[in-house]
Trainee: 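The structure follows.
Not measured: the values here are computed from a predicted model.
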Amino acid sequence: MGTGEFLLSTSSGKKWEKIGTLRRAGILTPLFSIHSSSSVGTGDFHTLKCMADLCKKSGDTILQILPLNYPGADNCPYNAISSFAIDPVYISLEDFSYNNFGFSRHLIGDLHVNFLPGKDHRCNYTARDIKLNLLNDVFLRFFDDICSDGNFLSFTKKNNYWLDDFAIYRVLKRLNNDLPWYHWEKTFADRSEEKISYIERLYEKQVLFEKWVQYICFEQLVDAKQYIGSKGILLMGDMPVLASKDSADVWAKRTLFNLDFIAGAPPDMYCVYGQRWGMPVQNWDNVRKTDFEYIAEKMKWLDNFFDIIRIDHVVGFFRIWAIPVDEPEENQGTNGIFIPQDESLWEDHGKEILSKMNQFSKCLLCGEDLGIIPQVCTETLKEYGIPGYDVQRWKKNYGIDYSFIPFSEYREIAISTLSTHDTSFWVEWLKNESGTVDRELIVIKCEMAGLNPEYVIESLFEKFEKSDRPDRLRWKKDIHESKIFEIAGRNHRDFLEIYKDTFGEKGKLLSLLGMNDCDETTCLKKTLQSMLQGSSIFCINLLSDLLCFDSSICTAISHLRINKPGTAGSHNWSFTFEQSIEELGGISVIAEIKEMIENAGR
């Protein structure tokens, strides 16, 4: 049975029949990373249309974006204050129209300059408040019309499952100086019906405004989706598997979450203390009692906008690493448990949730299955016809010779990619990370093994050069296994595993590509070309990786990144191209990418 025939026979068969089982290429970009000539602060829904135009030129037929969810103070879309509400920063002032009212080109032009996206390769989230203030003026001007607007009222009725709670949550946040709900007055934190009703009456206009803003977001995103579809391009969205503790979801539907535990990741060879994400884990027993209504409503909402949905951390449906809420933060993810604790339950647990999601959604689902993944998760994704992810830098023959796996041997039912939003861009990986080890990792491993870090580093790694990244260590060229044992001892095999995984990494890649040596740009092009010709049904890559074909753009952005896990600050979730999407669509490498895609039969 061929791949296409198999996909049509799975529980996702109707979804595959709808979009086709053709091999496709695509582009991934956060919406905040691109901007058009009329954008204010960051990309918007008009920019999304411009991005579709670029995809048309490049021959890509999938446009993937990160979550559009309304974020908290850190602007992380995976730590959202709602699993439903859309971030109004993405509202296009150019495309906005209500009752024949629109914003003037002069105003939009001034705001574009004053809140210029792409300055220092960063977006400007302060534009969110500017847009909300402008929208509030329109809302008050047309208040009577809005109250009787049939389309708006229909929207509120269809989405009352989440919209009512979100609107009152937003108003209460402002009344409480933006404090998280668990620091509000107890009657509000615990949702006293009398108090909530009182606030709804007293702040009726403010509550309605929050709903109207979401209606505008809805209308503009639906319009963008229709435009993108008219270009023959599939729009791929992203569904976070968790919600922030300080979210309308947790505040209003507390029984669906287990607030005694925080989600994270267990320690592994490269993250010795594990990870602590901060979001509460789902209480699946209570979700099940509602016949998975919460999941059904999320899928129904996303179906309005997308053809394909990426499920973040899909392994979390099988088992999730849960850290007691009172565990000291400095321990990160060290002391946790898997939920369910009984490994024999993982298969049924994950299959039940995934089958429900598949049943509820009209979109093709894809599962982000990166990291340490139990075999049952991988097998279930294949059984259900749900593509997983294969990332080039991590596709190796682990436990054997640690060589890179040929692209022809990637999973057929998968999305192949050079990088993710949580990694460095590919050229930076090749230039400064391949063949190296994280300095902090070695220091921590030494401390845990009772070894002197300075001695180990001096014995095994090259002396630091000015051109080197200070956080990376490069192996000495003559290091071999016996030297690792001599310095670290035979009881500390982690050092040997790290050595096997990283030593001579660039050489192994060149061997895979059939090359002796090459500059980073040539190597990037050859790797992408080989990946496009590989076996994965979808090949979707970051726009930032693709545009590194252009040497000037590569020099300007290759050292930047979208997010660095385990860190916090304005450097995360803010990367933006300096050039507008109209300018990027006109550079010569777009035609080069199209030729590659066509030659690969995608």
Trainee: Please output the side-chain donor-acceptor pairs of residues 324-333 that fall under 3.5 Å, not counting sequence neighbours, one pair per line with the distance.
Mentor:
from   : atom 1 : to     : atom 2 : distance (Å)
Glu327 : OE2    : Asn331 : ND2    : 2.7
Glu327 : OE2    : Asn335 : ND2    : 2.6

Trainee: If the test is side chain to side chain contact (heavy atoms under 4.5 Å, CB included), which one of Leu542, Asp422, Thr423 qualifies with Ile562?
Mentor: Leu542
Trainee: For Ile86, is there any backbone N or O sitting under 3.5 Å from a side-chain donor or acceptor partner on Gln214?
Mentor: yes
Trainee: Determine the minimum heavy-atom distance between Ser11 and Asn358, stating which atoms define it.
Mentor: OG-ND2, 3.4 Å
Trainee: What's the spacing between Leu48 CG and Gln220 CD if we round to 0.5 Å?
Mentor: 11.0 Å
Trainee: Measure the shortest side-chain to side-chain distance between Leu175 and Gln206 over non-hydrogen atoms and say whether it is less than 4.5 angstrom.
Mentor: no
Trainee: Is it true that a side-chain atom of Asp390 and a backbone atom of Arg411 form a donor plus acceptor pair closer than 3.5 Å?
Mentor: yes
Trainee: Under 4.5 Å between any side-chain heavy atoms of Ile405 and Tyr410, yes or no?
Mentor: yes
Trainee: For Gly274, is there any backbone N or O sitting under 3.5 Å from a side-chain donor or acceptor partner on Thr334?
Mentor: no
Trainee: Quick check: closest heavy atoms across Gly385 and Leu364, and the distance to 0.1 Å?
Mentor: O-CD1, 4.1 Å
Trainee: Let me confirm one number: the CG-OG distance from Asn79 to Ser244, rounded to the nearest 0.5 Å.
Mentor: 4.0 Å
Trainee: Do Ile537 and Trp16 touch side chain to side chain, with heavy atoms closer than 4.5 Å?
Mentor: yes
Trainee: Looking at Tyr402 and Lys396, what are the two nearest heavy atoms and their distance?
Mentor: O-CD, 3.9 Å
Trainee: Got a sec: does the CD of Glu383 have more than 12 other heavy atoms crowding it under 6.0 Å?
Mentor: yes
Trainee: Distance-only criterion, 3.5 Å: show the donor-acceptor pairs between side-chain atoms of residues 255-265 and protein atoms not counting sequence neighbours.
Mentor:
from   : atom 1 : to     : atom 2 : distance (Å)
Asn258 : OD1    : Asp260 : N      : 3.1

Trainee: Of the non-hydrogen atoms in Thr502 and Ile498, which two are nearest, and what is the gap between them?
Mentor: OG1-O, 2.7 Å
Trainee: If you measure from the Lys or Arg side-chain nitrogens to the Asp or Glu carboxylate oxygens, is any gap between Arg469 and Glu428 under 4.0 Å?
Mentor: yes
Trainee: Do side-chain atoms of Lys131 reach the backbone of Val89 as a donor and acceptor pair under 3.5 angstrom?
Mentor: yes
Trainee: How long is the span from the CZ atom in Phe360 to the CG atom in Asp303, to the nearest 0.5 Å?
Mentor: 11.5 Å
Trainee: With salt bridge (charged side-chain N to carboxylate O under 4.0 Å, His left out) as the criterion, how do Lys173 and Asp246 come out once you've worked through the C-alpha distance, each side chain's angles and the decisive distance to 0.1 Å?
Mentor: CA-CA 10 Å; Lys173 281 279 282 185; Asp246 182 24; 2.6 Å; yes
Trainee: State, to 0.1 Å, how close Arg122 and His571 come at their nearest heavy-atom pair, and which atoms those are.
Mentor: NH1-O, 3.1 Å
Trainee: Cut-off 3.5 Å, side chains only: do Thr187 and Glu185 have a donor facing an acceptor?
Mentor: yes
Trainee: Could you walk me through whether Thr378 and Asp369 pass the side chain to side chain donor-acceptor pair (under 3.5 Å) check?
Mentor: CA-CA 8 Å; Thr378 306; Asp369 58 343; 4.7 Å; no
Trainee: With side chains defined as the heavy atoms from C-beta onward, is the minimum distance between Val437 and Tyr499 less than 4.5 Å?
Mentor: no
Trainee: With a 4.5 Å limit on heavy-atom distance, are the side chains of Val376 and Thr380 in contact?
Mentor: yes
Trainee: Is Lys351 salt-bridged to Glu347, cutoff N-O under 4.0 Å?
Mentor: yes
Trainee: Among all residues two or more places apart in sequence or in another chain, which pass the side chain to side chain contact (heavy atoms under 4.5 Å, CB included) test with Thr436?
Mentor: Glu433, Arg472, Arg474
Trainee: When you compare the side chains of Asn159 and Tyr215, does any donor N or O come within less than 3.5 Å of an acceptor on the partner?
Mentor: no
Trainee: May I ask you to test the Leu31-Phe45 pair for a side-chain heavy-atom distance under 4.5 Å?
Mentor: yes
Trainee: Short question: side chain of Asn283, backbone of Asn286 - any donor-acceptor pair under 3.5 Å?
Mentor: yes
Trainee: Okay, side chain of Ser574, backbone of Cys123: is any donor-acceptor separation there less than 3.5 Å?
Mentor: no
Trainee: Would the Phe425 and Phe575 ring centres measure less than 6.0 Å apart?
Mentor: yes
Trainee: Does NZ belonging to Lys362 count more than 12 external heavy atoms closer than 6.0 Å?
Mentor: no
Trainee: For residues Trp426 and Trp429, establish whether the separation of their ring centroids is below 6.0 Å.
Mentor: yes
Trainee: Which heavy-atom pair separates Arg319 from Pro374 by the least distance, and what is that distance?
Mentor: NH2-CD, 3.5 Å
Trainee: Do the non-hydrogen side-chain atoms of Phe317 and Glu352 ever get within less than 4.5 Å of each other?
Mentor: no
Trainee: Would you please name every residue forming a side chain to side chain contact (heavy atoms under 4.5 Å, CB included) with Lys298, sequence neighbours left out?
Mentor: Ser83, Phe84, Tyr294, Ile295
Trainee: Indicate yes or no for a side-chain donor-acceptor contact from Gln275 to the backbone of Trp277 under 3.5 Å, with no hydrogens or angles considered.
Mentor: no
Trainee: Taking Thr29 for its side chain and Ser544 for its backbone only, find out whether a donor-acceptor pair lies under 3.5 Å.
Mentor: no
Trainee: Could you give the side-chain donor-acceptor pairs of residues 336-346 under 3.5 Å, partners two or more places apart or in another chain?
Mentor:
from   : atom 1 : to     : atom 2 : distance (Å)
Asp342 : OD1    : Ser344 : N      : 3.0
Asp342 : OD1    : Ser344 : OG     : 2.7
Asp342 : OD2    : Ser344 : OG     : 3.1
Trp346 : NE1    : Pro340 : O      : 2.8

Trainee: Can you list everything that forms a side chain to side chain contact (heavy atoms under 4.5 Å, CB included) with Asn75? Sequence neighbours excluded, please.
Mentor: Pro71, Tyr125, Arg128
Trainee: If you draw a 6.0 Å radius around CD in Glu440, do more than 12 non-hydrogen atoms from other residues or ligands fall strictly inside?
Mentor: no
Trainee: Between Trp181 (side chain) and Lys245 (backbone), is there a donor-acceptor pair under 3.5 Å?
Mentor: yes
Trainee: What do you reckon, is CZ of Arg288 surrounded by more than 12 foreign heavy atoms closer than 6.0 Å?
Mentor: yes
Trainee: So do Arg170 and Ile81 actually touch side chain to side chain, heavy atoms under 4.5 Å?
Mentor: yes
Trainee: Counting heavy atoms not belonging to Tyr398, are there more than 12 under 6.0 Å from its OH?
Mentor: yes
Trainee: In terms of side-chain geometry, is the basic nitrogen of Lys253 or Glu293 positioned less than 4.0 Å from the acidic oxygen of its partner?
Mentor: no
Trainee: Looking at Lys382, I'd like to know if its NZ atom is crowded, meaning that more than 12 non-hydrogen atoms belonging to other residues, nucleotides or ligands lie closer than 6.0 Å.
Mentor: no
Trainee: Check whether Ser12 reaches the backbone of Lys15 with its side chain - one donor and one acceptor, N or O, closer than 3.5 Å.
Mentor: no
Trainee: Side chains of Ser424 and Arg561: any donor to acceptor distance under 3.5 Å?
Mentor: no
